[in-house]
Amino acid sequence: KNEVEQSPQNLTAQEGEFITINCSYSVGISALHWLQQHPGGGIVSLFMLSSGKKKHGRLIATINIQEKHSSLHITASHPRDSAVYICAVRRVDKLIFGTGTRLQVFP
Amino acid sequence: DAGVIQSPRHEVTEMGQEVTLRCKPISGHDYLFWYRQTMMRGLELLIYFNNNVPIDDSGMPEDRFSAKMPNASFSTLKIQPSEPRDSAVYFCASRQRDSTGELFFGEGSRLTVL
């Protein structure tokens with residue numbers, strides 16, 4: 001079993017829909033990252049969380065430390081949100097990555 | 001700041017050749033990480049440095065891989081000799097020392113070994 005599990009693996013949505021991507025982990029962590037990678041592109045850090053909730057534009061990330069679970073929400077999704085979203089947990093100085101969620105948003 | 005800078009962006013080489021990938025971290029960042037991304041295995045940590053000192057190289061696949069950080073503004077990842085299974089995208093990332101430090105990735109170096 002992977003230490004970091006993401007669901008779903010693939011997700012399609014119509015423009016404007018509310019999207020949720022989930023991440024569960026089984027190890028103690030000091031922080032959790034949500035990363036975004038566009039096809040053939042680099043990796044961008046969206047959020048780093050150690051507790052609670054963060055919001056940036058249409059993106060919201062939450063974490064529940066007791067339940068070892070985090071969610072990434074996208075409100076009013078847009079085709080430009082199409083990308084792979086990767087959850088990664090930090091243990092000491094190292095990141096352990098989930099396998100990613102491939103999101104496609106259609107107009 | 002220009003962000004984390006990697007070169008080359010793309011490299012195509014033949015099996016057996018030496019490959020050197022380069023990374024310039026963000027100025028003032030204490031940590032530098034080298035990751036490899038493949039379709040089969042996703043993102044994997046190869047090695048990381050703290051203040052130019054290698055801390056954990058347990059992810060380096062084998063002796064053909066080596067990494068150096070001669071100063072705070074430059075690191076190299078070398079593969080010698082290269083093999084087709086080394087084909088991947090190699091990312092460099094850096095962050096500051098404090099535990100809340102955001103991680104910043106370079107654009108990646110896409111390596112193809114024929």
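Proteins come first, then strands; the chains are lettered A, B, ... in the order of their sequence lines, and each starts at number 1.
- In this structure, Met69(B) is a member of the same hydrophobic cluster as Trp34(B), with clusters built from ILVMFWY side-chain heavy atoms closer than 4.5 Å.
- Heavy-atom neighbours of Glu67(A) CD from other residues, nucleotides or ligands within 6.0 Å: at or below the threshold of 12.
- Heavy-atom distances place the side chain of Leu35(A), and not its backbone, under 4.5 Å from chain B.
- Counted within 6.0 Å of CZ on Arg58(A), heavy atoms from surrounding residues, nucleotides or ligands total more than 12; the atom is thus considered enclosed.
- Looking at heavy atoms from C-beta onward, Lys94(A) lies in side-chain contact with Ser58(B) at the 4.5 angstrom threshold.
- Contacts of Arg110(B) with chain A are made by side-chain atoms alone, with heavy-atom separations under 4.5 Å and no backbone atom involved.
- Counting non-hydrogen atoms of other residues, nucleotides and ligands closer than 6.0 Å to NZ of Lys78(B) gives a total of 12 or fewer.
- If you chain together hydrophobic residues whose side chains sit under 4.5 Å apart, Leu49(A) and Ile29(A) fall into the same group.
- Within a 6.0 Å sphere centred on CD of Glu15(A), heavy atoms belonging to other residues, nucleotides or ligands number more than 12.
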Could you check Glu102(B) against Phe47(A) for side chain to side chain contact (heavy atoms under 4.5 Å, CB included), going step by step and ending with a plain yes or no? CA-CA 8 Å; Glu102(B) 283 277 358; Phe47(A) 294 103; 5.9 Å; no
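- Only the side chain of Gln37(B) comes within less than 4.5 Å of a heavy atom in chain A; its backbone stays farther off.
- The shortest side-chain heavy-atom distance between Arg95(B) and Arg90(A) falls under the 4.5 Å cut-off.
- Contact record, Asp93(A) with Phe33(B): O-CE2, 3.2 Å, taken as the closest heavy-atom pair.
- Side-chain atoms of Leu43(B) and Ile43(A), non-hydrogen and from C-beta on, do get closer than 4.5 Å to each other.
- For Arg102(A), the CZ atom counts as loosely surrounded, since its 6.0 Å shell holds 12 or fewer non-hydrogen atoms of other residues, nucleotides or ligands.
- Crowding of Asn10(A) atom CG: a count of heavy atoms from other residues, nucleotides or ligands under 6.0 Å exceeding 12.
- The candidate from Ile55(B), Val89(B), Leu103(B) with the greatest count of non-hydrogen atom pairs under 4.5 Å with chain A is Leu103(B).
- For Phe104(B), no part sits under 4.5 Å from any heavy atom of chain A, backbone or side chain.
- Of the atoms belonging to Asp56(B), it is side-chain heavy atoms, and not backbone ones, that fall under 4.5 Å from chain A.
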